Amino acid sequence: MINGTVEEVTFRSDESGFQVLQIEFEGEPVTAVGVMPKVVAGELVRLEGVWQVHPSFGRQFKVSGCVSEMPSSTAGMYRYLASGVIKGVGESTAERIIKKFGESAFDVIENEPERLTQIKGLSQNKAEKISEQFVSQKALRNTMAALQEYGISPTESMRAYRAFGVSIDEKFNENPYILCEDEVGMSFERADGIAARLPVRPHEMVRIMAGIKHILRHNLGNGHSCIPRNKITAPAVSLLSCSEDDAEIAVDNLISTEEIIEKELGGRAFLFLPKIYQAERTIAQKMKMFCDYPPESIYITDELMHFAEGNLNLRFEGKQETAIKTALEKGLLILTGGPGTGKTTTLKGIITLMEQRGLKIALTAPTGRAAKRITEITGIEAQTIHRLLGAGYRDKGKAVFQKNERDQLDIDAIIIDEISMVDVTVFAALCEAVPIGCRIIMVGDFDQLPPVGAGNILQDIMAWGKIETVKLTEIFRQAMQSDIITNSHKIVKGEYPDTVSNDNDFFFMHEEEKELARATVLDLVTRRLPNAYGFDAKKDIQVLCASHLGEVGTLNLNISLQSIINPATPKKKKINRGGFELREGDKVMQIRNNYDIPYESLAGEEAGSGVYNGDIGTLKAIDFRNSVAQVVFDDKIATYPIESCGDLELAYAVTVHKSQGSEFPVVVMPVLGVPKPLKYRNLLYTAVTRAKKILVLVGSEPELRSMVDNNKKAKRFSALKYFLNE
């Protein structure tokens, strides 16, 4: 622990709370870095943390807790007010306030703001705003100090304060489980441990109600937008060690307070978190409106079709023509099909005729990689859905979008690629921002995995049947030259892929032992494929795994691949992440949406903020002096506060689920020791279709065949299909 006076604030992020301070400690200058309440020059601070030695900047104090004291002398008070910490108060105003009220200045600002109007230039309104800001800053300090006593990190404290405001202390003591809400994101288990340490433990029913909500949130990660009521009692009893009656009472309490929603669907009661219920409701309502008020029909003559063919120097087949005409004449289309069936060609035809009519077109996809790919194949700039909607602004800790129902997109047509991987909350936001009468083209592969998040958008809308679907099935002659494409179609049909030829772009390497399979994967990625084809092990080759766990799971393979591709060196800076390190030069993946991370565009667009679940990039640099790290993604370079690097994982190997929407020049996939719940056909198909140039499967042929044989798709509970048909 150190105590000192803040001499200078050299870096501050208002969103995250990260700061770099220069402090006078025992007569010596010290650099302190970390998340802290907003402090200014002149304040006294008590800091908890650890000393660390930066290779370039020397000794620093890494802050884990901060308690600041307001200055008590008039000189300190002046320095505080003149620092700019309160908007509208500069050096001259600060001087007048101190001259008028002396050592009672802070008491006047907090408790008698009307007296500030005695100072020339300060109106009643301005005086009240100064007081509000002063009180808010004081409340934040008190909040962070109080929460730190329970091991709650400064970052979590900042999130809690943004979400719940100045009353966070009171709310926390009544119900510490509010820290589990999305705005803060603490695990239920950790909040439960904190609750046990409070002077007055919350009522047991408060705990059970929080546990019920935790179960619903957990199941969003399994893809379920809702849960049958009769399926929540057993996990509640197991998690909370409560009785079935208490679990039922808790559910009823949550329903009565509208913290969860109960809805009868198909004669069965389902439970929802309100934001997910509203998202599926919104999608259903908007889809019906799009169908009821379709765009003006653009009749496609033979001459227009020939124009498009001539422009693209190709000829459209029957289903491709049908899709193009549907997109222009009806304006609403689902275009689906596997690799090599002409989705790209069809899309180009649709875009050509839309441009010929002067329509404003937006191209969008759920991930940066998917957006980059559709840009490359169409020649039109595509954006991620989050960027298209202007994500990154926050309201009480919640992510919001600039584009919404009140300020819709100025477009005539929107093409949504990789629709199969869009979850309900993102799709609902997109639906609200799309104007009635806009052409909507949804493009995806029906046979791929459903999204990582909640919902089953593509399958539910297709099952509804009100939007025309064109499914391309014919593999074009040129595509048939690729064994990746022909084998992927075999897998979809339930046929076994050719594991013998190994002379084109699809290879199967037989390994029955997990340790040998692991060694083969490492050798392929780091030596054989780079040497034989010139591929870059980090940029071009992606290992895909069915699971995180096991000898050939992502956790094990990432550590092994990192040690070969990006070994530790004395000069290479690193961040410890529990069971592994993140080093400069590592391939990394963002594992949750974070709307606060600022970035600079590499595509010539404006700077912004926000990195998203599944984004893959390279950890370019770690700057311990300013407590930040830089990560280069496909289209942007993002600056992370060091603590936010907890949302990054190594990405030399990723799960098949996390690879959705991406394509890689080379894919290597171990097919051995696949957990039974993941041993199914569309997971294998999704992995195979991620490879553009070469695919190598390593493992057991019986295991490969068992995946092909299992066409049982993981069941997802979703209400969208019911809402669409209401």
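Excluded from the calculations below are hydrogen atoms, water molecules and symmetry mates; all remaining heavy atoms, backbone and side chain alike, are included. None of these values were measured; they are calculated from a predicted model.
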Item checked: Which atom of L602 lies closest to which atom of F633, heavy atoms considered -> CD1-O, 3.8 Å
Next item on the list: Return yes when atom CD of E258 has more than 12 non-hydrogen atoms of other residues, nucleotides or ligands closer than 6.0 Å, and no otherwise.
Entry: no
Next item on the list: Might you point out which heavy atoms bring K62 and G34 nearest each other, and give the distance in Å?
Entry: NZ-CA, 4.4 Å
Margin query: Is there a side-chain contact (heavy atoms from CB on, under 4.5 Å) between Y612 and V426? Walk through the geometry before answering.
Written below: CA-CA 12 Å; Y612 308 109; V426 172; over 6 Å; no
Notebook entry, point to check: Should P675 and L549 count as side-chain neighbours, where that means a heavy-atom distance under 4.5 Å?
Noted result: no
Next item on the list: Report yes if some heavy atom in the side chain of P450 is under 4.5 Å from a heavy atom in the side chain of Q459; otherwise report no.
Entry: no
Item checked: Over all atoms of both residues, closest heavy-atom pair of R716 and V452 -> NH2-O, 4.4 Å
Item checked: N566 and K572 side chains, donor-acceptor separation under 3.5 Å -> yes
Notebook entry, point to check: Would a distance-only check, ignoring hydrogens and angles, find a side-chain to backbone donor-acceptor pair under 3.5 Å from T364 to I416?
Noted result: no
Note to self: Has N556 got a side-chain atom pairing as donor or acceptor with E551's backbone, closer than 3.5 angstrom?
What the structure shows: yes
Note to self: Between E432 and F401, is the side-chain contact (heavy atoms from CB on, under 4.5 Å) condition met? List the steps.
What the structure shows: CA-CA 10 Å; E432 287 192 317; F401 296 100; over 6 Å; no
Next item on the list: Could you check if a side-chain atom of H218 sits within less than 4.5 angstrom of a side-chain atom of F188, using non-hydrogen atoms only?
Entry: no
Notebook entry, point to check: What is the distance from atom CZ of F717 to atom SG of C226, rounded to the nearest 0.5 Å?
Noted result: 8.0 Å
Next item on the list: Report the residues that fulfil salt bridge (charged side-chain N to carboxylate O under 4.0 Å, His left out) with K275, sequence neighbours left out, ordered by chain and then residue number.
Entry: D182
Checklist line | Between CD1 on residue I374 and NZ on residue K343, distance to nearest 0.5 Å | finding: 10.5 Å
Item checked: Sidechain-backbone polar pair: T526 side chain, I564 backbone, donor-acceptor under 3.5 Å -> no
Item checked: Side chain E584, main chain K573, donor-acceptor under 3.5 Å -> yes
Next item on the list: Return the orientation label for the F723 and Y277 ring planes: parallel under 30°, perpendicular over 60°, tilted otherwise.
Entry: perpendicular
Next item on the list: Could you walk me through whether I260 and L273 pass the side-chain contact (heavy atoms from CB on, under 4.5 Å) test, one step at a time?
Entry: CA-CA 5 Å; I260 64 175; L273 291 169; 4.3 Å; yes
Next item on the list: Determine which pairs satisfy side-chain hydrogen bond (donor to acceptor under 3.5 Å, both in side chains) with at least one residue from residues 414-425, sequence neighbours left out, and list them in order.
Entry: R373-D417, R373-E418, D423-T425
Margin query: Under the rule for salt bridge (charged side-chain N to carboxylate O under 4.0 Å, His left out), what residues qualify as partners of D634, not counting sequence neighbours?
Written below: R369
Notebook entry, point to check: Do Q542 side-chain atoms and A651 backbone N/O form a donor-acceptor pair below 3.5 Å?
Noted result: yes
Next item on the list: Tell me, yes or no, whether the heavy-atom count around Q408 atom CD, taken from other residues, nucleotides or ligands under 6.0 Å, exceeds 12.
Entry: yes
Next item on the list: Check whether any side-chain heavy atom of D586 sits under 4.5 Å from a side-chain heavy atom of Y652, and report yes or no.
Entry: yes
Check: Hey, is the main chain of G444 close enough, under 3.5 Å, to the side chain of T336 for a donor-acceptor pair?
Finding: yes
Margin query: Test your reading of the model: is there a side-chain donor-acceptor pair from D615 to the backbone of Q590, 3.5 Å cut-off?
Written below: no
Item checked: Where at least one partner belongs to residues 656-668, residue pairs that pass side-chain hydrogen bond (donor to acceptor under 3.5 Å, both in side chains), sequence neighbours excluded -> N613-K658
Note to self: So, taking the atom named CG in D540 and the one named CZ in F664, what distance separates them when rounded to the nearest 0.5 Å?
What the structure shows: 11.5 Å
Check: Can you name the nearest heavy-atom pair linking S488 to V688, along with the distance?
Finding: CB-CG1, 3.9 Å
Item checked: Side-chain heavy-atom pair L430, I414 within 4.5 angstrom cut-off -> yes
Check: What's the spacing between I212 CD1 and I215 CD1 if we round to 0.5 Å?
Finding: 5.0 Å
Note to self: For residues 441-457, which residue pairs pass the side-chain hydrogen bond (donor to acceptor under 3.5 Å, both in side chains) check, not counting sequence neighbours?
What the structure shows: D445-Y685
Item checked: Closest heavy-atom pair and its distance - L524, V668 -> CD1-CG1, 4.2 Å
Check: Are V656 and M669 close enough that some pair of their side-chain heavy atoms sits under 4.5 Å apart?
Finding: yes
Check: Would you say the side chain of H214 lies within less than 4.5 Å of the side chain of C180, judging by non-hydrogen atoms?
Finding: no
Checklist line | S718 side-chain N/O to S225 backbone N/O, donor-acceptor pair under 3.5 Å | finding: no
Next item on the list: Please report the closest heavy-atom contact between R518 and S560, naming both atoms and the distance.
Entry: NH2-OG, 2.8 Å
Next item on the list: Taking the side chain as every heavy atom from C-beta outward, state whether T282 and E405 have any pair of such atoms under 4.5 Å apart.
Entry: no
Note to self: Let me confirm one number: the CD1-CD1 distance from I467 to I440, rounded to the nearest 0.5 Å.
What the structure shows: 7.0 Å
Notebook entry, point to check: With A433, which residues qualify under side chain to side chain contact (heavy atoms under 4.5 Å, CB included), at least two apart?
Noted result: L389, K403, L409
Margin query: For the OG1 atom of T639 and the CD atom of E600, what is their distance to the nearest 0.5 Å?
Written below: 6.5 Å
Margin query: Under a 3.5 Å distance rule, please check whether T686 uses its side chain to pair with a backbone N or O of L449 as donor and acceptor.
Written below: yes
Next item on the list: Starting from the C-alpha separation in whole Å, work towards a yes-or-no answer on side-chain contact (heavy atoms from CB on, under 4.5 Å) for V631 and Y640.
Entry: CA-CA 8 Å; V631 180; Y640 282 68; 3.7 Å; yes
